[in-house]
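Heads up: the structure comes next, in structure tokens.
Labels below follow one simple rule: chain letters A, B, ... track the order of the sequence lines, proteins then strands, and each chain is numbered from 1.
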Number of protein chains: 2
Amino acid sequence: MSEFFRKALKEKGLKVTPQRVAIFEAITHLKNHPTAENIIAYIKKNHPNISVGTVYKVLDSFVENKLLSKVKTEKDIMRYDSVLTNHHHLYCTETDRIEDYEDEQLNKLIEDYFKAHKIKNFNIQEVKLQITGKFNN
Amino acid sequence: MSEFFRKALKEKGLKVTPQRVAIFEAITHLKNHPTAENIIAYIKKNHPNISVGTVYKVLDSFVENKLLSKVKTEKDIMRYDSVLTNHHHLYCTETDRIEDYEDEQLNKLIEDYFKAHKIKNFNIQEVKLQITGKFNN
DNA sequence: TTCCTCAAAGATAATAATTCTTATTTAGGA
DNA sequence: TCCTAAATAAGAATTATTATCTTTGAGGAA
């Protein structure tokens, strides 16, 4: 299944270990931007012999190698995000939910805007929106 | 000087203590979105008798009462932002610098966009941009 | 102005999340 | 199959933050 993942690791010169596979699976299984704690709990259930320190180190190495990114909430809790396409986030002020928001038209709009309006002394690499509000359901 | 600040505290029913004044001054003095640590260090110099716990508690109460806001970054350290007008952030990938970016035209563009393109099941309260890139200076 | 009360501050212990250390194991190339 | 560097396990250490409990003082009332 995760052929893409094995290939990605190899390209970066990282070894394909059972721990890394398990953690990658955990993240793809856990939706909604899990915290390290969520991931550790899930891992504990299915692979009780993987140590906590390893989970942190693996997560770090994934972030370093752009297989994951980190997201921060108001509440100081770090979360991980497995989606690698350019997308934005919806933050719920009531619950702690974070959802992805993809919108090509919006991306285009912003890209065009910044092409026309350069920021002085700053080279833009990426623009992400934090859309805060409330889900109604 | 910080008449606005004293008034704001009173309005919220909060006492105007020397500690709160000192911490408020520290934040207005420290540019670039200081961390709690930055603030504590600054406070220590000028008011060595203010305790660390107090700084955290005061910062929390400021955030709760909308005198400050917290900034989300990918790093796990929380930063504080004293500017309360709607603005965006420039994140430098090289240094850890965060700068404010205000742009009325952009705000208008985004506002109009979301007026025309509602997000399903979500009521937007605020949209902020995280603009990542590099400063060249 | 003085007094009183409750919110706020100080000191420090406790907690929680993450990082570090060191010994051991193992993936994957030779 | 063997070898080596990279990765993991285990648990100690660190760090940031929160909680507790006692003392202090801001600010309203008398």
Side-chain angles (χ1 to χ4, degrees), chain A residues 2-3 5-26 33-44 46-65 67-68 70-80 96, chain B residues 2-3 5-26 33-44 46-65 67-68 70-80 96:
Chain A
S2 50
E3 210 39 54
F5 171 67
R6 309 178 80 87
K7 214 180 114 200
L9 285 186
K10 284 193 178 163
E11 271 167 17
K12 316 273 179 171
L14 298 174
K15 290 180 180 172
V16 180
T17 66
Q19 290 85 347
R20 281 179 177 153
V21 173
I23 292 165
F24 180 79
E25 281 173 359
H33 309 83
T35 62
E37 221 191 324
N38 297 149
I39 296 164
I40 289 163
Y42 184 84
I43 287 289
K44 275 249 152 67
N46 310 321
H47 304 267
N49 37 347
I50 295 180
S51 84
V52 171
T54 298
V55 176
Y56 279 105
K57 248 183 303 180
V58 167
L59 289 174
D60 274 359
S61 79
F62 286 178
V63 170
E64 224 166 277
N65 290 283
L67 291 167
L68 276 188
K70 286 184 169 190
V71 186
K72 184 127 194 168
T73 68
E74 304 290 341
K75 314 227 157 135
D76 307 27
I77 305 155
M78 193 55 83
R79 289 161 172 248
Y80 293 88
D96 239 8
Chain B
S2 50
E3 210 39 55
F5 171 69
R6 310 179 80 87
K7 213 180 113 199
L9 286 185
K10 283 193 179 163
E11 269 168 18
K12 316 273 179 170
L14 298 174
K15 290 180 181 172
V16 180
T17 66
Q19 290 85 347
R20 281 180 175 153
V21 173
I23 292 165
F24 180 79
E25 280 172 358
H33 310 82
T35 62
E37 219 190 327
N38 297 148
I39 295 163
I40 289 163
Y42 183 85
I43 287 288
K44 277 249 152 67
N46 310 323
H47 304 267
N49 37 346
I50 295 180
S51 85
V52 171
T54 298
V55 177
Y56 279 105
K57 252 182 300 181
V58 168
L59 289 173
D60 274 0
S61 79
F62 286 178
V63 171
E64 223 167 279
N65 290 283
L67 291 167
L68 274 188
K70 287 186 170 188
V71 184
K72 294 189 261 274
T73 72
E74 325 82 75
K75 305 260 158 99
D76 24 16
I77 306 150
M78 197 47 91
R79 291 170 172 232
Y80 294 88
D96 243 6

Item to complete: Tell me which of B:Ser51 and A:Tyr56 sits closer to the 5' end of DNA chain C, going by the nucleotide each one is nearest to.
Response: B:Ser51

Discussion item. Less than 4.0 angstrom between a side-chain N/O of A:Thr17 and OP1 or OP2 of D:dT8, yes or no?
Written reply: yes

Fill in: Separation of atom CZ in B:Phe62 from atom P in C:dA8, rounded to whole Å
11 Å

Item to complete: Could you state the atom-to-atom distance from CG of A:Leu59 to P of D:dA7 in whole Å?
Response: 15 Å

Worksheet, complete the sentence: Side-chain contact check for B:Val16: nearest option of C:dT21, D:dG27, C:dA9 is D:dG27

Worksheet item: What integer distance in Å separates B:Lys70:NZ from D:dA16:C1'?
Response: 12 Å

Fill in: Any side-chain heavy-atom pair of A:Leu9 and A:Leu67 under 4.5 Å
yes

Worksheet entry | Side chain to side chain, A:Phe5 and A:Arg20, heavy atoms closer than 4.5 Å | yes

Worksheet item: Do the side chains of B:Val58 and B:Phe24 get nearer than 4.5 Å, heavy atoms only?
Response: no

Discussion item. Do B:Val21 and B:Gln19 make a side-chain contact, defined as non-hydrogen atoms from C-beta onward lying under 4.5 Å apart?
Written reply: no

Discussion item. How many whole angstroms separate atom NZ of B:Lys44 from atom P of C:dA9?
Written reply: 15 Å

Worksheet item: To the side chain of A:Thr54, which of D:dA7, D:dT18, D:dT8 is closest?
Response: D:dT8

Item to complete: Taking only the side-chain heavy atoms of A:Glu37 (C-beta and beyond), determine which of D:dA7, C:dA17, D:dT8 contains the nearest atom.
Response: C:dA17

Fill in: Atom-to-atom span, CG of A:Asn49 to C1' of C:dT24 - whole angstrom
15 Å

Response to the item:
When rounded to whole Å, the CG to C1' distance for the pair A:Leu9 and D:dA7 reads 12 Å

Response to the item:
Comparing B:Leu14 with B:Ile40, nearest DNA chain D nucleotide closer to 5' gives the residue B:Ile40

Worksheet item: Which residue lies toward the 5' end of DNA chain D, A:Lys15 or B:Gly53, if each is placed at its nearest nucleotide?
Response: A:Lys15

Worksheet item: Do the side chains of A:Asn38 and A:His33 get nearer than 4.5 Å, heavy atoms only?
Response: no

Worksheet item: B:Lys57 NZ to D:dT23 C1': how many Å, rounded?
Response: 12 Å

Practice prompt. Measure from CZ on A:Arg20 to C1' on D:dT8 and round the result to the nearest Å.
Written response: 10 Å

Discussion item. Between A:Gln19 and C:dT26, is there a contact of a side-chain N or O with OP1 or OP2 at under 4.0 Å?
Written reply: no

Item to complete: Just compare D:dT17, C:dA8, D:dA9 and give me whichever is closest to any side-chain atom of B:Val52.
Response: D:dT17

